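Note sheet for the following structure.
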Amino acid sequence: MLDTSEAVADVSGEPLPAVGDGQSRPSLDLLIWDAPNIDMTLSTVIGARPTPASRPRFDAIAAWFVEGAGGLSDAPGAPEVEACVFANIPPQPGSLQRWVEALRGFGFSVFARPKTQPDDDIDQDMLDHIAVRAHSHRLRRLVVFSGDGRNFAEPLEDLVRDGVQVVVVAFSEVAGYAISSDLLEFIDIEDVPGAFVEPLDRVRLDALPPDGAWLRPTRSLREFVAAFAARRGG
(Lines give C-alpha, C1' and ligand atoms only; values in the text may rest on other atoms or scores of the structure.)
Protein backbone atom coordinates (compact mmCIF):
# COMPACT_ATOMS: atom_id res chain seq x y z
CA MET A 1 0.00 0.00 0.00
CA LEU A 2 1.03 3.64 -0.49
CA ASP A 3 1.95 5.35 2.79
CA THR A 4 3.19 8.93 2.76
CA SER A 5 3.00 9.46 6.51
CA GLU A 6 6.73 9.25 7.25
CA ALA A 7 9.89 10.43 5.55
CA VAL A 8 12.18 7.67 4.32
CA ALA A 9 15.30 7.51 2.17
CA ASP A 10 15.18 8.14 -1.56
CA VAL A 11 16.72 5.85 -4.18
CA SER A 12 20.18 7.23 -3.42
CA GLY A 13 19.82 6.34 0.26
CA GLU A 14 19.73 9.95 1.42
CA PRO A 15 17.15 10.88 4.08
CA LEU A 16 14.39 13.21 2.96
CA PRO A 17 13.35 16.43 4.72
CA ALA A 18 10.17 16.32 6.75
CA VAL A 19 7.13 17.87 5.08
CA GLY A 20 6.41 20.12 8.00
CA ASP A 21 9.89 21.65 8.30
CA GLY A 22 8.82 24.87 6.59
CA GLN A 23 10.56 24.14 3.31
CA SER A 24 8.58 24.59 0.12
CA ARG A 25 8.32 21.33 -1.75
CA PRO A 26 9.25 21.52 -5.46
CA SER A 27 6.81 20.14 -7.99
CA LEU A 28 7.75 16.88 -9.68
CA ASP A 29 6.78 14.77 -12.67
CA LEU A 30 7.72 11.17 -11.89
CA LEU A 31 7.97 8.17 -14.22
CA ILE A 32 7.95 4.62 -12.80
CA TRP A 33 8.81 1.67 -15.08
CA ASP A 34 7.84 -1.84 -13.94
CA ALA A 35 10.42 -3.80 -15.97
CA PRO A 36 9.25 -7.35 -15.07
CA ASN A 37 5.64 -6.55 -15.92
CA ILE A 38 6.36 -4.73 -19.18
CA ASP A 39 8.71 -7.50 -20.33
CA MET A 40 6.17 -10.21 -19.51
CA THR A 41 3.22 -8.44 -21.11
CA LEU A 42 5.25 -7.58 -24.22
CA SER A 43 5.93 -11.29 -24.72
CA THR A 44 2.22 -11.99 -24.18
CA VAL A 45 0.89 -9.48 -26.70
CA ILE A 46 3.30 -10.42 -29.51
CA GLY A 47 3.17 -14.14 -28.73
CA ALA A 48 6.95 -14.50 -28.87
CA ARG A 49 10.19 -13.67 -27.15
CA PRO A 50 10.96 -9.97 -27.76
CA THR A 51 13.81 -9.07 -30.09
CA PRO A 52 15.84 -5.83 -30.04
CA ALA A 53 13.48 -4.45 -32.70
CA SER A 54 10.39 -5.18 -30.59
CA ARG A 55 11.69 -3.80 -27.30
CA PRO A 56 10.79 -0.27 -26.16
CA ARG A 57 13.19 2.58 -26.88
CA PHE A 58 13.95 4.34 -23.63
CA ASP A 59 15.42 7.37 -25.40
CA ALA A 60 12.05 8.01 -27.06
CA ILE A 61 10.21 7.32 -23.78
CA ALA A 62 12.43 9.88 -22.03
CA ALA A 63 11.82 12.51 -24.72
CA TRP A 64 8.04 11.97 -24.58
CA PHE A 65 7.99 12.17 -20.79
CA VAL A 66 10.06 15.36 -20.61
CA GLU A 67 7.93 16.97 -23.31
CA GLY A 68 4.86 16.30 -21.16
CA ALA A 69 6.57 18.09 -18.29
CA GLY A 70 7.02 21.26 -20.31
CA GLY A 71 10.01 20.25 -22.39
CA LEU A 72 13.52 21.50 -21.74
CA SER A 73 12.42 24.78 -20.23
CA ASP A 74 13.89 25.62 -16.84
CA ALA A 75 11.54 28.56 -16.34
CA PRO A 76 10.35 29.29 -12.81
CA GLY A 77 7.58 26.91 -11.87
CA ALA A 78 8.64 24.17 -14.29
CA PRO A 79 8.44 20.79 -12.54
CA GLU A 80 11.46 18.67 -11.81
CA VAL A 81 11.53 15.39 -13.74
CA GLU A 82 12.61 11.96 -12.55
CA ALA A 83 12.39 8.60 -14.32
CA CYS A 84 13.02 5.32 -12.51
CA VAL A 85 13.23 1.76 -13.81
CA PHE A 86 12.64 -1.07 -11.32
CA ALA A 87 14.15 -4.42 -12.26
CA ASN A 88 14.60 -7.92 -10.86
CA ILE A 89 18.11 -9.16 -11.61
CA PRO A 90 18.60 -12.93 -12.00
CA PRO A 91 21.66 -14.68 -10.49
CA GLN A 92 23.39 -14.63 -13.89
CA PRO A 93 22.49 -11.20 -15.33
CA GLY A 94 24.18 -11.68 -18.71
CA SER A 95 23.61 -8.62 -20.90
CA LEU A 96 21.56 -6.82 -18.23
CA GLN A 97 24.69 -4.96 -17.14
CA ARG A 98 24.83 -3.18 -20.50
CA TRP A 99 21.07 -2.56 -20.37
CA VAL A 100 21.30 -0.96 -16.92
CA GLU A 101 24.22 1.24 -17.95
CA ALA A 102 22.34 2.32 -21.08
CA LEU A 103 19.33 3.31 -18.96
CA ARG A 104 21.52 5.37 -16.66
CA GLY A 105 23.02 7.07 -19.69
CA PHE A 106 19.49 8.01 -20.85
CA GLY A 107 18.88 9.76 -17.50
CA PHE A 108 16.95 6.98 -15.74
CA SER A 109 17.59 5.91 -12.17
CA VAL A 110 17.58 2.13 -11.81
CA PHE A 111 16.47 0.18 -8.73
CA ALA A 112 17.86 -3.33 -9.14
CA ARG A 113 16.87 -6.10 -6.76
CA PRO A 114 18.32 -9.64 -6.92
CA LYS A 115 15.77 -12.24 -7.99
CA THR A 116 16.50 -15.32 -5.89
CA GLN A 117 13.01 -16.85 -5.76
CA PRO A 118 10.40 -17.23 -8.52
CA ASP A 119 7.92 -15.02 -6.65
CA ASP A 120 10.40 -12.24 -5.86
CA ASP A 121 8.89 -8.94 -6.98
CA ILE A 122 9.52 -5.22 -6.80
CA ASP A 123 5.97 -3.87 -6.67
CA GLN A 124 6.29 -2.69 -3.08
CA ASP A 125 9.59 -0.99 -3.90
CA MET A 126 7.82 1.00 -6.60
CA LEU A 127 4.98 1.97 -4.27
CA ASP A 128 7.49 2.92 -1.58
CA HIS A 129 9.35 5.22 -3.97
CA ILE A 130 6.14 6.88 -5.12
CA ALA A 131 5.33 7.49 -1.44
CA VAL A 132 8.81 8.93 -0.90
CA ARG A 133 8.38 11.39 -3.74
CA ALA A 134 4.84 12.31 -2.71
CA HIS A 135 6.41 13.22 0.65
CA SER A 136 9.53 15.06 -0.55
CA HIS A 137 7.90 16.86 -3.48
CA ARG A 138 4.58 18.17 -4.67
CA LEU A 139 3.78 15.34 -7.05
CA ARG A 140 2.22 16.92 -10.14
CA ARG A 141 2.16 14.05 -12.64
CA LEU A 142 2.87 10.36 -12.14
CA VAL A 143 3.39 8.14 -15.19
CA VAL A 144 3.38 4.42 -14.40
CA PHE A 145 4.43 1.89 -17.01
CA SER A 146 2.75 -1.27 -15.70
CA GLY A 147 -0.24 -3.46 -16.45
CA ASP A 148 -0.38 -4.72 -12.87
CA GLY A 149 -3.78 -3.63 -11.59
CA ARG A 150 -3.78 -5.96 -8.59
CA ASN A 151 -1.09 -3.95 -6.81
CA PHE A 152 -1.40 -0.52 -8.40
CA ALA A 153 -5.07 0.26 -9.05
CA GLU A 154 -6.09 1.36 -5.56
CA PRO A 155 -2.93 3.34 -4.63
CA LEU A 156 -2.90 5.16 -7.96
CA GLU A 157 -6.57 6.09 -7.73
CA ASP A 158 -5.95 7.41 -4.20
CA LEU A 159 -3.26 9.70 -5.61
CA VAL A 160 -5.70 11.06 -8.20
CA ARG A 161 -8.13 11.86 -5.39
CA ASP A 162 -5.28 13.79 -3.75
CA GLY A 163 -4.87 15.92 -6.88
CA VAL A 164 -2.11 14.08 -8.75
CA GLN A 165 -2.44 13.49 -12.48
CA VAL A 166 -1.83 9.75 -12.90
CA VAL A 167 -1.19 8.23 -16.32
CA VAL A 168 -0.90 4.47 -16.80
CA VAL A 169 1.06 3.38 -19.86
CA ALA A 170 0.84 -0.30 -20.80
CA PHE A 171 -0.56 -2.63 -23.44
CA SER A 172 -4.32 -2.30 -23.83
CA GLU A 173 -4.69 -6.10 -23.88
CA VAL A 174 -3.55 -6.37 -20.26
CA ALA A 175 -4.40 -3.02 -18.65
CA GLY A 176 -8.13 -3.33 -18.05
CA TYR A 177 -7.77 -1.81 -14.59
CA ALA A 178 -6.62 1.50 -16.07
CA ILE A 179 -8.91 1.49 -19.09
CA SER A 180 -12.01 0.91 -16.97
CA SER A 181 -11.04 3.38 -14.24
CA ASP A 182 -12.94 6.66 -14.00
CA LEU A 183 -9.89 8.29 -12.41
CA LEU A 184 -6.79 7.02 -14.20
CA GLU A 185 -5.65 8.13 -17.64
CA PHE A 186 -4.50 5.38 -19.98
CA ILE A 187 -2.14 5.40 -22.96
CA ASP A 188 -1.17 2.33 -24.94
CA ILE A 189 2.60 2.08 -24.90
CA GLU A 190 2.72 1.72 -28.68
CA ASP A 191 1.03 5.14 -28.96
CA VAL A 192 4.03 6.83 -27.33
CA PRO A 193 5.84 8.46 -30.28
CA GLY A 194 8.93 6.51 -31.29
CA ALA A 195 8.57 3.94 -28.50
CA PHE A 196 9.19 1.10 -30.96
CA VAL A 197 11.40 0.95 -34.04
CA GLU A 198 8.63 -0.77 -36.02
CA PRO A 199 4.99 -1.67 -35.34
CA LEU A 200 4.58 -4.61 -33.03
CA ASP A 201 3.10 -7.84 -34.36
CA ARG A 202 0.06 -7.72 -32.12
CA VAL A 203 -3.71 -7.62 -32.23
CA ARG A 204 -5.29 -4.48 -30.80
CA LEU A 205 -8.99 -5.04 -30.36
CA ASP A 206 -9.32 -1.35 -29.49
CA ALA A 207 -8.03 -0.39 -32.95
CA LEU A 208 -9.67 -2.78 -35.40
CA PRO A 209 -10.39 -1.57 -38.95
CA PRO A 210 -14.09 -0.89 -39.69
CA ASP A 211 -14.30 -3.93 -41.99
CA GLY A 212 -12.77 -6.25 -39.41
CA ALA A 213 -9.51 -8.18 -39.47
CA TRP A 214 -8.31 -11.74 -39.66
CA LEU A 215 -6.32 -12.68 -36.57
CA ARG A 216 -3.78 -15.37 -37.38
CA PRO A 217 -2.91 -18.07 -34.83
CA THR A 218 0.24 -17.65 -32.78
CA ARG A 219 1.09 -21.36 -33.07
CA SER A 220 0.19 -24.07 -35.58
CA LEU A 221 -2.84 -26.25 -34.97
CA ARG A 222 -0.74 -29.45 -35.13
CA GLU A 223 1.77 -28.01 -32.65
CA PHE A 224 -0.99 -27.25 -30.18
CA VAL A 225 -2.66 -30.67 -30.57
CA ALA A 226 0.68 -32.44 -30.12
CA ALA A 227 1.28 -30.57 -26.87
CA PHE A 228 -2.29 -31.20 -25.74
CA ALA A 229 -2.01 -34.95 -26.48
CA ALA A 230 1.29 -35.12 -24.59
CA ARG A 231 -0.27 -33.52 -21.52
CA ARG A 232 -3.32 -35.78 -21.68
CA GLY A 233 -1.17 -38.86 -22.11
CA GLY A 234 0.95 -37.88 -19.11
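Here the structure is a predicted model, which is why all the values come from computation and not from measurement.
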Does F145 form a side chain to side chain contact (heavy atoms under 4.5 Å, CB included) with V167? I'd like the steps, not just the answer. CA-CA 9 Å; F145 282 77; V167 182; over 6 Å; no

Taking side chain as C-beta onward, heavy atoms only, is [X] less than 4.5 Å from [Y]?
| X | Y | result |
| --- | --- | --- |
| D148 | S146 | yes |
| I187 | W64 | yes |
| P79 | D29 | yes |
| P26 | R138 | no |
| V66 | L72 | yes |
| R133 | S136 | yes |
| L30 | I32 | yes |
| W33 | P56 | yes |

Centres of the F58 and F106 rings: under 6.0 Å?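 So the answer is no for these two rings.
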
Determine whether the aromatic ring centres of Y177 and F152 lie less than 6.0 Å apart.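 For Y177 and F152, the ring centres are not under 6.0 Å apart.
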
Stepwise, does the salt bridge (charged side-chain N to carboxylate O under 4.0 Å, His left out) test hold for E101 with R98? CA-CA 5 Å; E101 293 308 318; R98 295 194 300 273; over 6 Å; no

Out of curiosity, [X] [atom1] to [Y] [atom2], how far, rounded to the nearest 0.5 Å?
| X | Y | atom1 | atom2 | answer |
| --- | --- | --- | --- | --- |
| E185 | R141 | CD | CZ | 9.5 Å |
| D34 | M40 | CG | CE | 8.5 Å |
| E80 | R140 | CD | CZ | 12.0 Å |
| D121 | N151 | CG | CG | 7.0 Å |
| E157 | L184 | CD | CG | 5.0 Å |
| L96 | I89 | CG | CD1 | 5.0 Å |

For [Y], does its backbone N or O pair with a side-chain atom of [X] as donor and acceptor, under 3.5 Å?
| X | Y | value |
| --- | --- | --- |
| D188 | S172 | yes |
| R25 | A134 | yes |
| Q165 | L142 | no |
| T41 | N37 | yes |

What closest approach, in Å, do [X] and [Y] show between heavy atoms, and which atom pair accounts for it?
| X | Y | answer |
| --- | --- | --- |
| S180 | G176 | OG-O, 2.7 Å |
| L200 | S54 | CD2-O, 3.6 Å |
| A87 | W99 | CB-CZ3, 3.9 Å |
| A60 | P193 | CB-O, 3.7 Å |

Going through the distances and angles, do S109 and E82 end up as a side-chain hydrogen bond (donor to acceptor under 3.5 Å, both in side chains)? CA-CA 8 Å; S109 297; E82 179 184 8; 4.5 Å; no

Co-membership, hydrophobic cluster, residues I179 and V166, 4.5 Å side-chain: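 Yes, it is one cluster - the side chains of I179 and V166 are joined through contacts under 4.5 Å.
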
Verdict with supporting geometry, V144 and V169, side chain to side chain contact (heavy atoms under 4.5 Å, CB included): CA-CA 6 Å; V144 177; V169 187; over 6 Å; no

Could you walk me through whether I130 and L159 pass side chain to side chain contact (heavy atoms under 4.5 Å, CB included), step by step? CA-CA 10 Å; I130 294 170; L159 284 171; 3.7 Å; yes

Where does the angle between the aromatic ring planes of F196 and F171 fall among parallel (under 30°), tilted (30 to 60°) and perpendicular (over 60°)?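 Tilted.
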
Is there a side chain to side chain contact (heavy atoms under 4.5 Å, CB included) between C84 and H129 once you walk through the steps? CA-CA 9 Å; C84 308; H129 187 63; 3.6 Å; yes

